[in-house]
Amino acid sequence: MLWRLGLGGCSGLLLLWGSQAWSLPPASEIPEEVLRAQPDLRARSPVDNQPLTASEAQKLQAELAARPATGSVSPKVEQLIFLLKLRKGVRDLFPFLLP
């Protein structure tokens, strides 16, 4: 029977079938536009990933910015990284010299 109605008739039946729209979210859900406009006050510590309040996060950022920057790797590792970068550069220029 539905085959004889054709595509237009089937789509018309589907539109009239339910009184509620299926694609609409529930009324209790907050729209995405409203959520985008609200500031996100949740924060996590970059040190140990613990949840922080906004004021605690601001204090921690100030402490981390005031701390002097020190090298986190030994000079031997820095030299090794430099040599590897140099080797890669030579390999890019002369691929037939290094295996």
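Just so you know, these numbers use all the heavy atoms, side chains as well, and skip hydrogens, waters and symmetry mates. What you are looking at is a predicted structure, and each value in this text was computed from that prediction instead of being measured.
- The structure places CG of Leu86 at 13.5 Å from CD1 of Ile81, a figure rounded to the nearest 0.5 Å.
- Looking at residues two or more places apart in sequence or on another chain, you find a side-chain contact (heavy atoms from CB on, under 4.5 Å) between Pro51 and Arg44.
- For Leu80, the side-chain contact (heavy atoms from CB on, under 4.5 Å) partners are Leu84, not counting sequence neighbours.
- Here Arg67 pairs with nothing under the side-chain hydrogen bond (donor to acceptor under 3.5 Å, both in side chains) rule; sequence neighbours left out.
- With sequence neighbours left out, Glu33 forms a salt bridge (Lys or Arg N to Asp or Glu O under 4.0 Å) with no residue at all.
- Gln61 contributes no side-chain N or O that, together with a main-chain N or O of Gln58, makes up a donor-acceptor pair within less than 3.5 Å.
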- Query: What do the steps show when you test Arg36 against Glu32 for salt bridge (charged side-chain N to carboxylate O under 4.0 Å, His left out), and what is the final call?
  - Reply: CA-CA 6 Å; Arg36 275 194 219 147; Glu32 185 177 347; 2.7 Å; yes

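- Between Ala57 and Leu52, the closest heavy-atom pair is CA-CD1, 4.0 Å.
- Among residues two or more places apart in sequence or in another chain, the side-chain contact (heavy atoms from CB on, under 4.5 Å) test is passed with Ile30 by Val34, Leu35.
- When the side-chain hydrogen bond (donor to acceptor under 3.5 Å, both in side chains) test is applied to Asp48, the partners found at least two apart in sequence or on another chain are Ser45.
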